[in-house]
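Taking it in order: structure first as structure tokens, then the write-up.
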Amino acid sequence: MASFDIDTYLARSGAVDLWAVDWAGVPKHPLPPGAIRTLRYMQDIESHTIVYLRSLLATRAIDDPDVATFLACWVHEETFHGLALERFLAAAGHPMGPRPKPHGHENFAQWFEARSTALLSRLWPDFCAVHMTWGAINELTALTGYRRLAARAGHPVLTALLEHIQRDEARHFFFYYRQAELRLQRPAAARVSRFLVDRFWGPVGTGVQSLDELRFMASYLFGDEEGRAAARKVDETIRKLPGFDSVRLLDAWLDRFHDGGRNGDRND
Ligand SMILES: [Fe+2]
Ligand SMILES: [Fe+2]
């Protein structure tokens with residue numbers, strides 16, 4: 001299998017151009033309340049990337065030069081997703097308003113998760129395999145979520161903005177996925193990664209956002225037939241990774257939510 005070409009990635013990397021967006025056109029089109037609520041959720045997640053980076057820097061993630069270079073671009077692009085969504089919401093007349101400082105969000109569970117991740121990374125040389133797999137799942141979920149949001153909101157300026165964001169998420173996904181493919185070739189790495197994903201994976205925002213927001217977003221984006229099919233496609237793609245052929249992710253998580261169970265959020 002060919003190794004990943006970081007130069008190809010870098011050549012196409014670039015932040016959303018905030019000056020090219022038709023902000024004045026935003027209030028000219030209706031924006032459904034469900035889209036506003038979902039955008040607020042997503043904006044919060046995007047602007048948290050820098051906090052996730054703090055945890056990642058305490059791991060082996062930056063030992064590999066390609067991964068380190070990627071992460072620098074990744075955090076830059078995700079930060080601009082947060083800024084663009086914040087600006088969009090303000091232009092639509094629904095500003096995010098004051099929020100606690102990022103570190104104020106860190107509750108005990110998150111603190112513990114960050115420390116456990118750092119410890120796991122120190123003890124386990126193949127840590128990058130699970131990090132890359134985790135990243136691939138989350139980027140593909142984000143990409144799918146944005147595609148669904150654009151379809152549901154039907155707002156032309158938002159659609160154009162989300163197209164750029166989706167291109168970034170697709171590039172992020174591709175990097176993580178290729179890296180995961182390579183690193184999961186080792187059966188032991190695949191076995192441990194699979195165990196960790198089965199045991200701990202939940203959509204981004206789990207443990208940060210309230211269960212109500214998570215549930216609303218899940219039903220808004222993935223509640224109808226088309227949404228469910230998109231969620232299933234995420235799982236199908238991840239199943240192609242070595243050792244993940246029977247994994248159940250987004251689809252199973254939606255099942256747990258829709259059953260009305262309180263177990264949709266394992267970190268709750
Ligand atoms: Fe993003
Ligand atoms: Fe991303």
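Index from 1, following the sequence. Each ligand, and each atom within it, is numbered from 1 in the order the structure gives.
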Worksheet item: Between the side chains of Ser193 and Arg186, does any donor sit under 3.5 Å from an acceptor?
Response: no
Worksheet item: Angle class for the Tyr176/Trp74 ring planes (parallel below 30°, perpendicular above 60°, tilted otherwise)?
Response: perpendicular
Practice prompt. Determine yes or no for a side-chain-to-main-chain donor-acceptor pair under 3.5 angstrom, with Thr144 supplying the side chain and Leu140 the backbone.
Written response: yes
Discussion item. Tell me whether Glu225 at atom CD has more than 12 heavy atoms from other residues, nucleotides or ligands lying less than 6.0 Å away.
Written reply: no
Worksheet item: Is the NZ or CZ atom of Arg37 both under 6.0 Å from the centre of the six-membered ring of Phe216 and within 45° of that ring's axis?
Response: yes
Worksheet entry | Around the Fe ion (ligand 1), number of protein N/O/S atoms which are nearer than 2.8 Å | 5
Item to complete: Establish, yes or no, whether a centroid distance under 6.0 Å links the rings of His155 and Phe88.
Response: yes
